[in-house]
There are 6 protein chains.
Amino acid sequence: MGVVLFTGINVNGYPCKNAVNVTEVDFFIGGLANSAVINNLVGSVITTANNVEKIPGLNTLGVSLARIDYQPDGLNPPHTHPRASEIIFVLDGELDVGFITTANKLISKSIKKGDIFVFPEGLNNGVKPASVIAGFNSQFPGTQSIATTLFTSTPLVPEHVLTKGFQIGTKGVKKMRNKLAPKKT
Amino acid sequence: MGVVLFTGINVNGYPCKNAVNVTEVDFFIGGLANSAVINNLVGSVITTANNVEKIPGLNTLGVSLARIDYQPDGLNPPHTHPRASEIIFVLDGELDVGFITTANKLISKSIKKGDIFVFPEGLNNGVKPASVIAGFNSQFPGTQSIATTLFTSTPLVPEHVLTKGFQIGTKGVKKMRNKLAPKKT
Amino acid sequence: MGVVLFTGINVNGYPCKNAVNVTEVDFFIGGLANSAVINNLVGSVITTANNVEKIPGLNTLGVSLARIDYQPDGLNPPHTHPRASEIIFVLDGELDVGFITTANKLISKSIKKGDIFVFPEGLNNGVKPASVIAGFNSQFPGTQSIATTLFTSTPLVPEHVLTKGFQIGTKGVKKMRNKLAPKKT
Amino acid sequence: MGVVLFTGINVNGYPCKNAVNVTEVDFFIGGLANSAVINNLVGSVITTANNVEKIPGLNTLGVSLARIDYQPDGLNPPHTHPRASEIIFVLDGELDVGFITTANKLISKSIKKGDIFVFPEGLNNGVKPASVIAGFNSQFPGTQSIATTLFTSTPLVPEHVLTKGFQIGTKGVKKMRNKLAPKKT
Amino acid sequence: MGVVLFTGINVNGYPCKNAVNVTEVDFFIGGLANSAVINNLVGSVITTANNVEKIPGLNTLGVSLARIDYQPDGLNPPHTHPRASEIIFVLDGELDVGFITTANKLISKSIKKGDIFVFPEGLNNGVKPASVIAGFNSQFPGTQSIATTLFTSTPLVPEHVLTKGFQIGTKGVKKMRNKLAPKKT
Amino acid sequence: MGVVLFTGINVNGYPCKNAVNVTEVDFFIGGLANSAVINNLVGSVITTANNVEKIPGLNTLGVSLARIDYQPDGLNPPHTHPRASEIIFVLDGELDVGFITTANKLISKSIKKGDIFVFPEGLNNGVKPASVIAGFNSQFPGTQSIATTLFTSTPLVPEHVLTKGFQIGTKGVKKMRNKLAPKKT
């Protein structure tokens with residue numbers, strides 16, 4: 001693998017600087033030393049600044065990192081990364097992590113600082129904050145949080161799809177939509 | 001692209017016949033002419049017989065087809081194919097189809113016999129049965145139905161993940177689990 | 001796999017809309033319900049409208065579908081798809097299908113409505129029309145019909161290449177060129 | 001790119017030696033210094049010894065070379081490499097080379113010792129022998145000579161496919177089959 | 001992307017468990033919470049335990065993480081990862097990091113706890129220890145430390161290659177070989 | 001594999017001609033019949049003219065060739081191709097070639113005219129000039145000569161990285177830098 005810098009034009013839809021104009025800033029992003037402020041229902045925050053949109057040098061490299069912080073009892077809710085595999089390293093605290101295979105088997109474990117786990121949906125069951133570093137094999141992994149995607153898209157998914165798909169009543173759908181809707185600020 | 005037949009051993013974890021021993025049967029599967037019997041909550045059935053597990057000749061070709069049948073008011077519930085893109089052709093009837101982008105925008109449309117749509121989650125809002133052929137760019141696309149995956153895995157996803165992730169009560173989770181659980185027969 | 005919509009620029013040489021501007025029309029094409037009009041020597045027609053050139057949403061998804069119609073005795077002549085594997089589903093009628101491996105072995109079979117076959121060159125030996133849906137693992141599979149490619153290219157392939165390559169006389173080449181040349185209309 | 005040696009088992013269906021047991025012989029093949037003996041109708045010979053079947057070290061490297069020799073008036077007949085792109089370097093003599101795009105345009109040129117051309121079907125129109133080195137981006141490019149593939153496969157392609165596909169009579173097909181059939185020795 | 005668990009046989013040369021037998025242990029490795037013991041010339045240690053050889057669940061996922069610890073004045077010497085791109089997150093301390101483009105331009109920067117940098121060769125110029133987490137887009141990135149590779153391989157690289165390649169004398173080669181040779185213990 | 005000509009825009013960052021405007025010149029480069037002039041310390045020259053920058057038709061084909069000439073005692077010094085595997089064919093003379101595996105094992109061999117070897121760093125130990133053709137599985141393999149990369153980049157690699165990494169003194173670094181620096185002309 002090499003840094004594809006030398007072309008004058010776009011690669012993968014992102015501008016590719018001429019090698020002569022590239023600087024260290026194209027390969028750098030800072031400020032992830034401390035936990036992000038967590039102010040939402042699920043109690044976790046993903047700092048997604050460090051993909052190819054913010055680090056031009058990642059273009060074509062097929063790799064990126066993210067920091068995820070959990071408050072006590074915080075959850076990184078069920079989600080998918082449509083364009084990447086994921087692996088995490090625990091920076092601090094303890095987490096219950098896991099995922100479900102296509103054979104519908106739950107694979108889960110409690111992990112702590114210094115542990116590594118593959119493909120996790122995290123849950124902080126502890127009383128202290130926790131944080132992890134996630135590695136992806138994509139410069140633009142993308143994330144789809146399942147609940148907010150299905151219940152708060154624009155326009156809304158037809159109610160019938162949700163009542164039938166999740167076997168809940170229309171009231172249940174309305175309640176979930178209200179709670180999951182992004183807070184106005 | 002070519003048929004990788006000539007190696008004597010495994011490719012992608014599947015046995016690869018010697019070209020001398022390959023026959024037409026390795027590239028064929030029949031019996032998808034008629035609608036499958038539909039006997040479930042969501043009112044649709046995916047005939048997933050025709051991937052590399054059933055058509056050895058598909059190995060390494062990165063392509064497969066599936067038939068999906070919908071009874072009136074039937075739904076192919078929200079799902080993901082972890083290893084493939086999808087495109088459908090409507091064999092019969094009418095469907096409302098759509099998907100949600102990573103920008104959380106719902107892309108949907110009503111389509112009928114002879115129409116083609118990309119990446120669909122289907123809903124038959126009509127009064128007649130409907131059926132489609134789905135094309136995948138994988139010989140083993142895999143499918144994860146979101147609701148059954150999250151609410152009926154073995155072992156079960158911790159209740160707390162679901163109450164927090166979907167913003168519902170523990171009673172709601174229990175109800176959904178009961179309804180979504182595979183029927184014993 | 002995910003829909004790569006969010007970049008403002010080109011991906012794979014095709015324009016990539018901003019997610020905000022994407023609509024369902026970008027993922028749809030209609031009008032393949034009925035057999036196309038067949039008016040040529042070989043008696044079959046491929047409806048190739050549904051690749052990335054006509055369905056912008058297919059860009060980067062690596063998948064597409066085509067409809068192929070055969071009149072009785074119609075042939076989808078020997079051809080290659082330089083950028084894709086192929087798999088078909090029979091919509092109607094019966095076909096003899098097959099392909100030749102790089103070990104020069106012919107793999108062929110008679111298939112009927114509801115059957116699936118991999119990598120086919122089709123021949124309708126029946127007395128009724130037939131039609132199939134072909135799935136490709138490319139948004140732009142491309143097609144090269146061997147005979148028309150070699151005998152009717154512009155400029156023409158040197159006669160010597162064809163007489164030597166196919167072991168026919170110059171008269172034979174001329175005859176084939178006349179018959180295979182696209183009809184003026 | 002790196003040499004994937006260290007696994008104890010199969011990669012891409014070919015055995016992968018343990019690094020400890022690998023020797024230089026796994027990466028070497030000799031004896032291509034002189035023109036191969038040419039004793040066939042078309043007057044050219046491809047020395048295909050040097051793919052992954054003969055050079056185990058090529059496994060997973062996705063590259064290989066071949067030597068092609070032409071007698072005066074010799075032809076490397078129309079063919080495809082189902083799993084590779086091709087580029088040639090002329091060792092000796094002069095050739096007319098070319099290929100046909102999917103837009104059915106013939107791209108051709110006369111080239112001589114020291115010239116490089118992409119995707120060629122070669123024809124030696126000169127009075128001296130010629131030879132080239134071909135590079136492929138596959139450790140197992142595969143080759144299908146169109147005429148011999150279509151007219152001499154086992155079993156034979158149905159006559160009807162050839163008469164209709166090439167617009168020739170049944171006598172023509174018989175003649176071509178006889179001439180193109182591999183010589184018994 | 002999905003977890004390819006369900007095949008009964010090898011994928012990419014590594015055994016692939018049946019989904020029924022997979023457990024959380026296949027996706028986990030622990031014990032990277034603290035700095036590894038550093039006892040070598042360059043003053044840094046890469047904990048390479050967490051690739052597919054130690055985490056079977058990583059197979060086919062194309063991602064992995066490593067921890068690298070630096071003592072004050074420690075160096076992660078010039079190296080390449082033949083099968084991966086790399087990105088780091090600084091756990092503790094400060095580092096000078098950089099790499100050289102194929103245009104022979106040095107891209108370097110001083111980074112500290114919480115910073116991210118792409119493709120780094122690290123140097124701890126500070127007085128405190130430092131450590132980073134490196135993400136790779138391969139489950140088996142491989143590492144070649146340039147100096148030890150060229151000066152301490154078995155058998156040795158011909159002296160002439162090194163004297164000419166690095167423009168040093170034979171005494172210089174001997175000295176470097178002695179110092180770079182792995183310490184017997 | 002096919003020639004991706006037909007798009008009107010950029011592919012992989014390189015302009016892609018419309019098929020209508022493509023000519024044979026886009027697939028051709030000449031003038032590699034004779035040895036290049038060798039006038040440098042190491043005694044070898046790589047003619048790198050024939051990648052996608054000089055042969056537009058190579059774009060997306062993932063293949064290229066290079067000619068390397070060695071004077072007696074000439075060396076193609078240790079280097080890497082960050083984006084390609086390599087295989088060579090010896091045009092003339094004799095060479096000692098080899099490479100080092102990630103298991104730090106030297107794989108080397110003496111080869112002569114007509115021999116093929118994988119992944120070589122070449123050394124001409126003979127008394128006659130030698131030349132090879134190298135095939136790459138990339139249209140833009142890139143080359144990094146290790147010594148010149150590390151000792152002559154702009155700006156210079158910190159002296160400390162080299163003294164520590166190669167275990168030499170600061171005088172040694174200065175000497176190597178002077179000798180390896182590109183000659184002004």
Side-chain angles (χ1 to χ4, degrees), chain D residues 1-3 5-6 18-20 22-34 50 55 57-58 60-65 67 81-91 97-99 101-103 105 107-109 111-120 133-139, chain F residues 1-3 5-6 18-20 22-34 50 55 57-58 60-65 67 81-91 97-99 101-103 105 107-109 111-120 133-139:
Chain D
M1 298 296 163
V3 194
L5 295 167
F6 3 64
N18 186 306
V20 182
V22 171
T23 73
E24 65 281 4
V25 179
D26 297 313
F27 298 88
F28 167 82
I29 193 160
L32 281 76
N34 304 318
N50 45 331
I55 308 180
L58 277 178
T60 77
L61 296 191
V63 70
S64 61
L65 292 177
R67 180 188 173 117
H81 296 290
R83 289 181 301 283
S85 304
E86 183 179 8
I87 181 170
I88 62 163
F89 172 85
V90 183
L91 294 172
V97 294
F99 65 89
T101 72
T102 51
K105 176 175 182 177
I107 306 288
S108 68
K109 193 167 190 346
I111 58 176
K112 63 182 191 315
K113 182 176 182 172
D115 291 346
I116 281 175
F117 199 81
V118 181
F119 258 140
I133 285 295
F136 302 97
N137 64 340
S138 166
Q139 64 261 18
Chain F
M1 299 296 159
V3 193
L5 296 168
F6 3 66
N18 186 307
V20 182
V22 171
T23 73
E24 65 281 4
V25 179
D26 297 313
F27 297 88
F28 168 82
I29 194 161
L32 280 75
N34 304 317
N50 46 333
I55 308 180
L58 277 178
T60 78
L61 295 190
V63 70
S64 61
L65 292 177
R67 179 187 176 121
H81 296 291
R83 287 180 302 280
S85 303
E86 180 178 8
I87 182 171
I88 62 162
F89 172 85
V90 183
L91 295 172
V97 293
F99 65 89
T101 73
T102 50
K105 177 175 181 176
I107 306 288
S108 66
K109 195 166 189 344
I111 59 176
K112 61 182 193 316
K113 181 176 183 175
D115 292 345
I116 281 174
F117 198 81
V118 180
F119 257 139
I133 285 295
F136 302 97
N137 63 342
S138 164
Q139 63 262 17

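We name chains A, B, ... by the order of the sequence lines, and we start the count at 1 in each one.
- For D:Phe89 and F:Phe89, the distance between ring centers is not under 6.0 angstrom.
- Atom-to-atom distance recorded for F:Ile87:CD1 and D:Ile29:CD1 is 9.5 Å, nearest 0.5 angstrom.
- Ring-plane geometry between F:Phe28 and D:Phe117 is classed as tilted, the angle between the planes lying from 30 to 60 degrees on a 0 to 90 degree scale.
- The distance from the NZ atom of F:Lys109 to the CG atom of D:Asp26 is 11.5 Å, given to the nearest 0.5 Å.
- D:Phe136 pairs by the ring-ring contact (aromatic ring centres under 6.0 Å, His included) definition with D:His81, not counting sequence neighbours.
- A search for salt bridge (Lys or Arg N to Asp or Glu O under 4.0 Å) contacts involving D:Lys113 returns D:Asp92, not counting sequence neighbours.
- Residue F:Glu24 forms a side-chain contact (heavy atoms from CB on, under 4.5 Å) with just one option from D:Val118, D:Ile111, D:Ile107, and that option is D:Ile107.
- Across all their heavy atoms, F:Val63 and D:Ser85 have their closest contact at CG1-CB, 3.9 Å.
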